[in-house]
Amino acid sequence: MKKKPTRIRRSLTTTTLIQTVASDLDVQPADVHDTVMATFDAIARATAGGHNVAITNFGTFRSYRVDARKARNPQTGGTRTVPAHRKVAFRVSPALADAVRRRLSASATIRKLPKGSGPR
C-alpha cells in the first residue's frame, strides 16, 4: 500500500523540509539531509554560473545579467554607479500555479501523470 504524503502544517524551513521528505520516504532525516543539501547546492552552482535550472511541473530558476546603472541615495540626494551584476528569478510552472490557485495542498505534486490519464 502506498503511504500518503506527510501533511504540511506550517512554513517549510530546510530542517522541516528534510523531516517531511524523510517521513514521506520512511527513512531517517540524516539519510535525507545530504541529498536535499546536494540538490540545493547544485541549483546554487548552476545559477551562479549563469545557467537556468528548470524543474518540470515546479518552476525555473532563471539567472540573468543586470547592466550597470546610476542610482540616487534618497537621504543625501547624491548619485552613485551600481555595477553590473547577476540576479536570480524564479518563475513558477503552470501546473504548480494551478495547484496553488485551487489550494490543492494535499494532492499537489510535480510528478508527471501517466500517459492517457488526462489533465490534472
Side-chain angles (χ1 to χ4, degrees):
M1 182 169 90
K2 187 176 179 181
K3 181 183 172 194
K4 286 187 177 181
T6 304
R7 186 173 181 95
I8 309 294
R9 299 184 185 279
R10 58 188 170 130
S11 296
L12 282 181
T13 63
T14 303
T15 302
T16 55
L17 173 65
I18 290 168
Q19 291 168 347
T20 301
V21 172
S23 176
D24 285 353
L25 297 176
D26 199 25
V27 297
Q28 294 298 312
D31 298 335
V32 175
H33 179 271
D34 290 340
T35 304
V36 169
M37 297 312 291
T39 302
F40 290 155
D41 287 345
I43 292 169
R45 285 193 314 271
T47 54
H51 305 287
N52 294 340
V53 178
I55 302 170
T56 304
N57 292 332
F58 184 73
T60 302
F61 294 91
R62 188 174 69 90
S63 177
Y64 63 98
R65 178 176 157 67
V66 178
D67 292 332
R69 63 183 176 87
K70 296 273 188 204
R72 184 172 95 44
N73 182 336
Q75 290 181 338
T76 65
T79 60
R80 70 180 206 105
T81 302
V82 177
H85 57 280
R86 297 199 70 77
K87 284 189 164 188
V88 177
F90 180 76
R91 185 176 61 199
V92 69
S93 76
L96 181 56
D98 183 54
V100 170
R101 188 177 308 111
R102 296 188 311 155
R103 302 185 128 212
L104 301 175
S105 63
S107 62
T109 181
I110 66 167
R111 297 173 193 258
K112 290 185 177 181
L113 294 174
K115 288 187 177 180
S117 62
R120 291 182 187 246

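- Inter-residue side-chain proximity for Val53 and His51 is flagged as unmet; no heavy-atom pair is nearer than 4.5 Å.
- Qualifying side-chain contact (heavy atoms from CB on, under 4.5 Å) partners for Asn73, counting only residues two or more places apart in sequence or in other chains: Gln75, Thr76.
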Under 3.5 Å, which donor-acceptor pairs do the side chains of residues 32-47 form with other protein atoms, sequence neighbours left out?
from	atom 1	to	atom 2	distance (Å)
Thr39	OG1	Thr35	O	2.8
Thr47	OG1	Ile43	O	3.0
Thr47	OG1	Ala44	O	3.2

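- Here Arg72 contributes atom CZ and Thr79 contributes atom OG1; the two are 9.5 Å apart, rounded to the nearest 0.5 Å.
- Listed by chain and residue number, nothing satisfies the side-chain contact (heavy atoms from CB on, under 4.5 Å) test with Ala30 (two or more places apart in sequence, or in another chain).
- Not a single salt bridge (Lys or Arg N to Asp or Glu O under 4.0 Å) links Arg69 to another residue, sequence neighbours left out.
- Other residues, nucleotides and ligands place no more than 12 heavy atoms under 6.0 Å from the CZ atom of Arg91.
- Every residue meeting the side-chain contact (heavy atoms from CB on, under 4.5 Å) condition with Tyr64, not counting sequence neighbours, appears here in chain and number order: Arg62, Val66, Lys87, Ala89.
- Between Gly50 and Ser63, the shortest heavy-atom contact is CA-OG, 3.5 Å.
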Got a list of side-chain donor-acceptor pairs under 3.5 Å for residues 18-29, not counting sequence neighbours?
from	atom 1	to	atom 2	distance (Å)
Thr20	OG1	Thr16	O	2.7
Ser23	OG	Thr6	OG1	2.9
Asp24	OD1	Thr6	N	2.6
Asp24	OD1	Thr6	OG1	2.6

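- Hydrophobic clustering, with ILVMFWY side chains joined whenever heavy atoms are under 4.5 angstrom apart, keeps Val92 apart from Ile8.
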List the steps and the verdict of side-chain contact (heavy atoms from CB on, under 4.5 Å) for Asp67 and Arg65.
CA-CA 6 Å; Asp67 292 332; Arg65 178 176 157 67; 4.0 Å; yes
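- Here the straight-line distance linking atom CZ of Phe61 with atom CG of Asn52 works out to 11.0 Å at 0.5 Å rounding.
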